[in-house]
Each structure stands twice: as structure tokens, then as C-alpha cells.
Amino acid sequence: MNETTIDRNAIPEVAPTFRFQWEEAQDCYVILYPEGMVKLSNSAGEIMKRIDGQTSINTLISNLQETFPETSVEGDVLDFMEVAYGNGWIRNKS
Amino acid sequence: MATAGSETNLEIKPPLWLLAELTYRCPLQCPYCSNPVEIAKYKDELSTADWVRVMQQARKMGAAQLGFSGGEPLVRPDLEELIQEARNLGFYTNLITSSVGMDEARIKRFKEAGLDHIQISFQASNEELNNYLGGSKSFQHKKDMARIVKEYEYPMVLNIVIHRKNIDQIRDILDMTVELNADYVELASTQYYGWSRINVDQLLPTREQLANAEKVALEYQQRLKGKSKIIYVVPDYFETRPKACMNGWGSIFLTIAPDGTALPCHEAGQLPIEFPNVRDHGIDWIWNESGGFNHFRGFDWMKEPCRSCPEKYKDFGGCRCQAFMMTGDAANADPVCDKSPYHQDLVDDVNRIEKMAKSEKPDEQPIIFRNMRNSKDIMKKETAEA
């Protein structure tokens with residue numbers, strides 16, 4: 001379902017209008033924006049921290065798969081990408 | 001009666017939001033200001049070292065969002081230093097400003113210090129009304145600053161406080177925010193606390209004005225989806241259920257007034273409750289132990305109709321300050337709620353103002369602008385009357 005919308009060769013980066021960081025008090029990764037914060041699930045945090053403006057989505061999927069060999073990560077990554085692009089948290093590096 | 005169970009043993013969660021009201025000094029004079037009427041009293045402002053200590057303590061507890069506000073925070077020459085410190089601590093830093101006192105050099109320095117976001121307020125979408133309401137020739141400057149803020153890749157919020165004098169121009173206002181490439185637009189209906197309360201007769205919009213503004217805001221929300229997020233909240237005087245004020249007392253928000261008074265919300269200073277000062281206590285004690293911050297935590301303080309109301313978990317009985325201003329007792333239900341025995345008084349008052357707004361002389365009483373001279377005059381009058 002996602003295959004049609006997400007370009008797997010794209011190299012995403014965190015958009016300059018958002019900030020991604022670990023929050024000790026929340027015990028999770030968060031996205032910060034003007035006067036707001038979104039708490040990320042463990043898997044979303046693991047995906048998001050690999051978005052560095054240098055790694056393509058394809059490479060990100062294989063890296064993540066190596067780290068978590070027991071689960072199939074591809075569907076999760078593509079679902080998350082859709083949410084992250086949709087909210088403007090990430091953009092493709094031009 | 002202390003009953004066993006969750007109601008009396010509420011877990012206190014750490015603050016998420018630290019609002020640093022650095023000063024009540026301001027070059028503008030907006031009559032809808034949310035600052036207290038007694039602004040002239042706050043001469044003894046916290047030092048840079050005080051603010052750094054407050055930020056360190058709040059951050060350690062888990063606060064993630066930090067707002068530099070005022071008055072006009074740009075008045076403080078140590079703003080750059082405070083931003084730098086806040087960013088080093090890991091805060092997401094918001095500058096809430098009129099932009100008067102800013103230039104490109106300062107915007108650049110803020111960026112280098114790590115400022116995350118700038119919110120600029122506009123009074124209106126045209127020069128004449130903007131400058132009249134703000135009491136200063138600031139309109140062109142604000143537009144220039146908004147453009148430079150975007151050049152420096154900040155996320156930009158444009159905030160326009162909405163009231164009877166500018167609500168009919170809502171379409172022009174939204175067009176202006178599109179022209180300036182705002183990422184977020186806050187159409188903030190005036191809330192009648194502090195200074196704005198003394199001008200409520202001149203500022204409260206009529207129901208027709210509101211209905212029209214809501215329609216236009218909705219149209220732009222749909223049209224600009226994905227480009228700019230428009231937040232429009234109608235004034236709660238027209239509702240029948242209260243807002244979940246501050247998401248509950250002492251639950252998320254921590255405000256520090258310029259003199260170091262710690263408050264659960266920036267309007268709470270008017271309540272007859274003793275609030276702690278950061279000059280005397282650490283944030284941990286203030287948040288967790290102080291009487292002021294525990295006063296309306298949980299549900300045991302509630303009276304009827306809130307006490308037995310199933311909606312209390314959703315709205316926490318509304319706003320304590322509104323209850324205090326309109327009923328004389330901060331523990332009463334917020335009169336916005338139509339279950340409150342005082343609700344009819346609020347409806348009557350709204351009707352009275354609406355009638356006046358539609359009369360031939362809607363502005364018989366002059367607007368009182370927010371400045372130190374007027375503040376002193378009002379305080380003098382209050383003392384004389386007491």
C-alpha cells in the first residue's frame with residue numbers, strides 16, 4: 001500500500017522547523033516544535049534516529065533489519081515515513 | 001473526606017512547560033494584554049543568575065518547552081545569554097515577542113545561541129489599526145522582521161489577538177499571514193484576564209462577528225492545509241462548558257513572573273493564595289510541595305456542581321481565575337459552565353456588552369491602554385477605594 005507513495009531511494013532529513021531528541025524524563029524520543037511535543041514509540045524513535053540526511057530509506061531499512069533481525073521492519077518504516085512526511089517532521093534532502 | 005483510591009493519591013507529574021516572563025516592561029500598549037493590571041509594581045526583576053538557576057532546576061525535572069515572554073522579552077539585554085543557556089540544557093526555546101527591539105543582527109545572534117522558534121504578534125492587518133492598538137509605529141517593522149525570521153529558517157508563528165476592533169478584518173489578517181509565510185497562525189481570541197478584563201466592554205465581539213470569523217477561519221484552515229496551521233479558539237464566554245484550563249492545576253505549566261513568583265498559570269497571581277518565589281525555594285519544592293501548587297490539584301477541593309459531575313475529569317471545573325473573578329470564590333465552578341448557578345450572570349453580561357456594541361455609541365467608555373502610567377493610576381485608585 002505504501003510502495004506507491006514513498007520513494008525508497010530518497011534521503012530524508014529532519015526538517016529545520018522540528019527538533020528530534022531523547023527526553024530523559026519521558027523515557028522516550030520526542031519531536032519538538034513551537035509550543036508542542038510528540039512522544040515517539042520505541043520503534044518510531046529507532047527509525048527517526050537513523051534519519052540523518054545521508055542515509056536513503058532503503059539503506060535505513062537494511063540497517064534497521066540488521067539491528068533487529070527477529071522482526072520484519074520494512075512495513076513499520078514505510079508506515080512511519082508516511083506519518084513523518086505528512087506531519088512535515090522530515091523532508092527529502094535536495 | 002479522604003477516600004481511598006486514585007482521587008486523593010494523585011501522582012504529581014513533572015512540569016513540561018516553563019513560561020519565563022522575563023519582564024513586564026513593553027514598548028507597546030495593547031489594551032488586551034494578559035499581564036496583571038499591577039505591572040508597575042514589578043520593578044525588582046530576577047537576575048540572569050536567578051533565571052539560569054530556574055531553567056536548570058526545571059529542566060532537571062523534565063520541562064522540555066521554554067517560553068521567553070513578558071512584557072517584551074527583547075527588553076532584557078541578557079536574552080541572548082539566557083537562550084544560549086536554555087539551549088545547552090536541551091530546552092526547546094520559544095521567543096514570544098512583538099518584534100519591537102529586534103533587528104537582523106539580533107535575529108542572527110539568537111540563531112547562533114540556539115533559539116528554536118520565534119512567535120511575532122500583530123495587532124491587525126493594516127498599519128493604522130495595528131499602530132493604534134499597540135500605541136506605537138510598529139507595523140512595517142513587524143512585517144520586515146517576519147520576513148527575516150523566515151530567511152533564517154525559524155519556524156514562525158504569527159499571533160493575532162482577536163477582539164471586536166479587528167475581528168471583522170479576519171480575512172485580511174489571514175491573507176497577511178499567507179503573504180508572510182507563517183508556519184502557524186494563532187488567532188487568539190482575547191481572554192478577559194488581567195489588563196484585558198478592564199477593557200472587556202470595548203473588546204468583546206458580538207455573536208454575529210464571531211460566527212462570521214469562525215466561517216472565514218474554517219475556510220482558510222481547509223485551503224491552507226499542509227502549508228500553514230491555523231489555530232482559532234473562540235472566546236469561552238460564549239460556551240456552555242468550561243475549558244480544561246492549563247490542563248489541570250499544577251499539571252503541566254509552570255510560570256515564573258518577573259519578580260520570581262512561581263505560578264500554575266500566568267493569571268493566577270490575582271488569586272488570594274500564597275505563591276512561592278524562586279528566590280526562596282527550588283523548583284522541585286515549589287512544584288511538588290508548595291501550598292500554592294497543591295491548592296487545586298486533584299478533585300478534593302471541588303464544590304458542587306463540579307464535585308459530583310462526571311465531566312470533572314475532562315475539564316477540571318474550568319478556570320480558577322474566572323471562577324474567582326465572577327463569583328468571588330476560586331473553588332466554584334467556572335461560570336462558563338451552564339451547570340454553574342452564576343452562568344446566567346455571565347450570559348447577562350455578554351448580552352449587555354452586545355447591546356452596547358450595537359448601540360449608536362459603542363465606544364462611550366475609552367479604551368485603557370496598557371502602560372506603566374495607567375497601571376500606577378489604577379493601583380492608586382484601588383488603594384483609595386480600599
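Labels below follow one simple rule: chain letters A, B, ... track the order of the sequence lines, proteins then strands, and each chain is numbered from 1.
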- Message: For the backbone of B/Ala182 and the side chain of B/Ser228, can you confirm whether one donor and one acceptor N or O come within less than 3.5 Å of each other?
- Response: yes
- Query: Which answer fits A/Glu35, side chain, backbone, both or neither, if we ask what part of it has an atom under 4.5 Å from a heavy atom of chain B?
  - Reply: both
- Task: Fit a plane to each ring of A/Phe20 and A/Tyr29, take the angle between them on a 0 to 90° scale, and name the class: parallel (under 30°), tilted (30 to 60°) or perpendicular (over 60°).
- Result: parallel
- Query: Where on B/Leu66 is there a heavy atom nearer than 4.5 Å to chain A: the side chain, the backbone, both, or neither?
  - Reply: neither
- Item | Flag, side chain of A/Ser41 to backbone of A/Ala44, donor-acceptor distance under 3.5 Å | yes
- Atom group of B/Tyr92 that falls short of 4.5 Å from chain A, counting heavy atoms: both
- Query: Which bit of B/Ile118 comes within less than 4.5 Å of chain A, counting heavy atoms only: side chain, backbone, both or neither?
  - Reply: neither
- Item | chain B contact via A/Tyr33 - which portion, at a heavy-atom distance below 4.5 Å | both
- Query: Does B/Asp116 use its side chain to pair, donor to acceptor, with the backbone of A/Arg19 at less than 3.5 Å?
  - Reply: no
- Message: side-chain contact (heavy atoms from CB on, under 4.5 Å), that's the test. Do B/Cys30 and B/Gln123 meet it? Break it down for me.
- Response: CA-CA 8 Å; B/Cys30 310; B/Gln123 282 63 36; 3.3 Å; yes
- Under a 4.5 Å heavy-atom cut-off, does chain A meet the side chain of B/Phe91, its backbone, both or neither? backbone
- Item | Which of B/Lys13, B/Glu153, B/Lys229, B/Met156 touches chain A most, by non-hydrogen pairs under 4.5 Å | B/Glu153
- Is there a donor-acceptor pair closer than 3.5 Å between any side-chain N or O of B/Trp17 and the backbone N or O of B/Ala64? no
